[in-house]
Amino acid sequence: MATVCNRKEIEASKDVHIKGDNPNFLEDAASPQQGVWKERPLEVGLKLPCRWRDGTWQEAEILERKEDSLSGEFLYYVHYSGFNRRLDEWVNSSRIDWKAIEEGRVRWNKGNSNKKKKDKKRKSSEDTENKKTESGKLENITKVKNVDRIVLGKYIMETWYYSPLPPEYHNCSTLWVCEYTLNFLRSEAALKRYQQRHSIRMPPGSEIYRKDNISVFEIDGAVQKFYCQNLSYLSKFFLDHKTLYYDVDPFWFYVMCEVDEYGCHIVGYFSKEKESEDNYNVACILTFPAYQRKGYGKFLISFSYELSKIEQKVGSPEKPLSDLGLLSYRSYWSQVLVDLLKNEKQPISIQEISERTMMKMEDIISTLQVLGLIQYYEGQHVLDLRRIDNIKFGSKGLLCDPSCIKWRPKVTTFVNK
Ligand code: ACO
């Protein structure tokens with residue numbers, strides 16, 4: 001069995017000493033024998049240069065380690081410092097800068113100094129992995145991805161994050177998903193057999209939008225629990241900062257599809273609380289990676305605001321936004337505000353802009369600040385449109401056509417037990 005190279009061992013090694021005034025740096029770690037380090041697994045918590053996808057060295061922290069059952073080689077799950085966690089990945093020893101280790105250019109993550117304690121803690125949280133909290137939500141308990149890729153329709157997509165799937169799908173490197181029913185399967189053959197038995201070729205729920213080849217379906221989480229839970233599991237592969245809610249009853253799901261002669265292919269969705277105390281009009285929004293950067297995210301955002309206009313309720317997306325979420329919202333908000341202000345002949349207040357667009361005043365102000373179209377003067381915000389004509393947008397993207405929405409707000413009634 002391979003030995004574990006932990007910090008104590010490194011400290012004890014004759015070849016290494018720890019610099020007195022900074023215990024987090026190893027110095028003079030030159031090894032007398034080339035390659036000796038490669039035979040010993042590296043400890044979780046080490047920060048060291050690792051070869052990134054583009055061939056450059058980037059500092060990375062080892063989050064997890066495993067031994068390849070066939071080759072016996074150690075694999076490391078690394079997080080690149082300063083990069084989004086969706087880029088975390090398993091690397092083998094050929095990606096590690098062993099020279100940096102030999103030269104002592106390696107750091108420890110202070111947060112991992114209590115690793116043993118943490119390991120114990122993690123073990124117990126792993127044991128309770130599938131226990132739900134009272135509110136029906138489950139916290140993200142691990143940083144390591146549990147499924148490498150999903151197959152959805154004609155696309156294979158690499159996952160970005162961990163998703164707390166039901167235990168029967170743990171450790172399956174590829175998850176096969178029926179794009180119509182969102183049933184999960186463990187192999188291509190099983191998916192084929194499943195689709196031969198099931199003729200459904202569209203999501204459940206009601207089609208509330210159709211224009212050209214785009215449809216949107218409204219799905220009630222309380223009625224289509226299985227579909228909506230599986231959609232939440234799938235979206236968790238691409239959403240890091242959201243808690244997964246097992247209880248989908250309180251949400252509507254708006255699923256966007258590309259339609260062709262074979263059926264309605266899901267491309268993305270957003271969920272929305274049936275009753276939101278904070279006036280959120282979107283809880284989670286996702287475009288599956290194979291369909292991203294085609295304007296579908298902005299379509300979904302525009303759709304959510306069109307529903308808010310029909311409801312006559314100002315809305316905002318649930319916070320915090322992800323980095324990509326903020327980019328997309330910022331782009332939508334900027335486009336809507338610049339269009340409105342360019343065409344407005346009369347003076348207009350932030351309040352009026354909010355009433356027309358159903359955008360929350362805070363979102364309007366922050367966007368105008370980013371665009372440089374607002375000044376804070378004598379205790380109030382004043383629009384300053386001198387440079388509005390300099391603001392140019394590329395393609396406006398794909399916005400939904402409100403005249404094609406067939407939807408009325410539902411009245412939610414609560415029964416007192
Ligand atoms: N890098 C740079 N800009 C990007 C990127 C990217 N990777 N992705 C989108 N954008 C920009 C686009 O350029 C576009 O701006 P522009 O029109 O001014 O050029 C804008 O964001 C929207 O692009 P779309 O193509 O309409 O959006 P897309 O279909 O890619 O979906 C979304 C955006 C939903 C955020 C998608 O990236 C996604 O699903 N990400 C993973 C899940 C996520 O983070 N969701 C948001 C969480 S916040 C919340 O749920 C409330």
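Counting starts at 1 for both ligands and their atoms, following the listed order. Excluded from the calculations below are hydrogen atoms, water molecules and symmetry mates; all remaining heavy atoms, backbone and side chain alike, are included.
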- Item | Interfacing atoms of ligand 1 (cut-off 4.0 Å, heavy-atom, Gly297) | 24 (P), 26 (O), 27 (O), 28 (P), 29 (O), 31 (O)

- Task: Indicate, as side chain, backbone, both or neither, the part of Thr287 found under 4.0 angstrom from ligand 1 when only non-hydrogen atoms are considered.
- Result: both

- Task: Could you tell me if any non-hydrogen atom of Trp160 lies under 4.0 Å from any atom of ligand 1?
- Result: yes

- Query: Are the side chain of Tyr209 and the backbone N or O of Asp401 linked by a donor-acceptor pair below 3.5 Å?
  - Reply: yes

- Message: Using ring centroids (six-membered ring only for Trp), state whether Phe253 and Tyr227 fall under 6.0 Å.
- Response: no

- Query: Charged N to carboxylate O below 4.0 Å: is that the case for Lys410 and Glu311?
  - Reply: no

- Message: Please check: side-chain N/O of Lys47 versus main-chain N/O of Ile62, any donor-acceptor pairing under 3.5 Å?
- Response: no

- Residue Lys298 vicinity, atoms of ligand 1 by number, heavy atom under 4.0 Å: 16 (P), 17 (O), 18 (O), 26 (O)

- Query: Does any N/O atom on Val282 come nearer than 3.5 Å to any N/O atom on ligand 1?
  - Reply: no

- Query: Between Asp97 and Arg51, does at least one N-O distance fall below 4.0 Å, as a salt bridge requires?
  - Reply: no

- Message: Within the 4.0 Å heavy-atom shell around Gln292, which atoms of ligand 1 are there?
- Response: 29 (O), 30 (O), 36 (C), 37 (O), 38 (C), 39 (O), 40 (N)

- Decide whether an N or O pair under 3.5 Å exists between Arg293 and ligand 1. yes

- Under-4.0 Å heavy-atom contact with ligand 1, by part of Lys294 that carries it: backbone

- Note: ligand 1 atoms sitting under 4.0 Å from heavy atoms of Gly325 are 35 (C), 46 (C)

- Message: Is it the case that the side chain of Asn146 and the backbone of Ser163 share a donor-acceptor pair, with hydrogens and angles ignored and the cut-off at 3.5 Å?
- Response: yes

- Query: In terms of side-chain heavy atoms, does His79 have a donor or acceptor partner in Glu61 at a distance below 3.5 Å?
  - Reply: no

- Query: Taking heavy atoms and a distance under 4.0 Å, where does Pro289 meet ligand 1: side chain, backbone, both or neither?
  - Reply: neither

- Item | Check: Lys298/Ser331 side-chain N/O donor and acceptor closer than 3.5 Å | yes

- Item | Interfacing atoms of ligand 1 (cut-off 4.0 Å, heavy-atom, Phe238) | 41 (C), 42 (C)

- A student checking ligand 1 against Cys284 at a 4.0 Å heavy-atom cut-off should list atoms 50 (O)

- Query: Under a heavy-atom criterion of less than 4.0 Å, does Ala283 contact ligand 1?
  - Reply: yes

- Note on the structure: Judged by heavy atoms only, the candidate from Leu398, Ile285, Leu300 nearest atom 45 (N) of ligand 1 is Ile285

- Query: If you count the atoms of ligand 1 from 1 in the order shown, which ones are under 4.0 Å from a heavy atom of Ser331?
  - Reply: 15 (O), 16 (P), 17 (O), 18 (O)

- Message: Test your reading of the model: is there a side-chain donor-acceptor pair from Thr159 to the backbone of Val147, 3.5 Å cut-off?
- Response: yes

- Against heavy atoms of Glu318, which atoms of ligand 1 measure under 4.0 Å? 51 (C)

- Derivation of the ring-ring contact (aromatic ring centres under 6.0 Å, His included) call for Tyr269 and Tyr254: CA-CA 5 Å; Tyr269 85 103; Tyr254 296 92; 9.8 Å; no

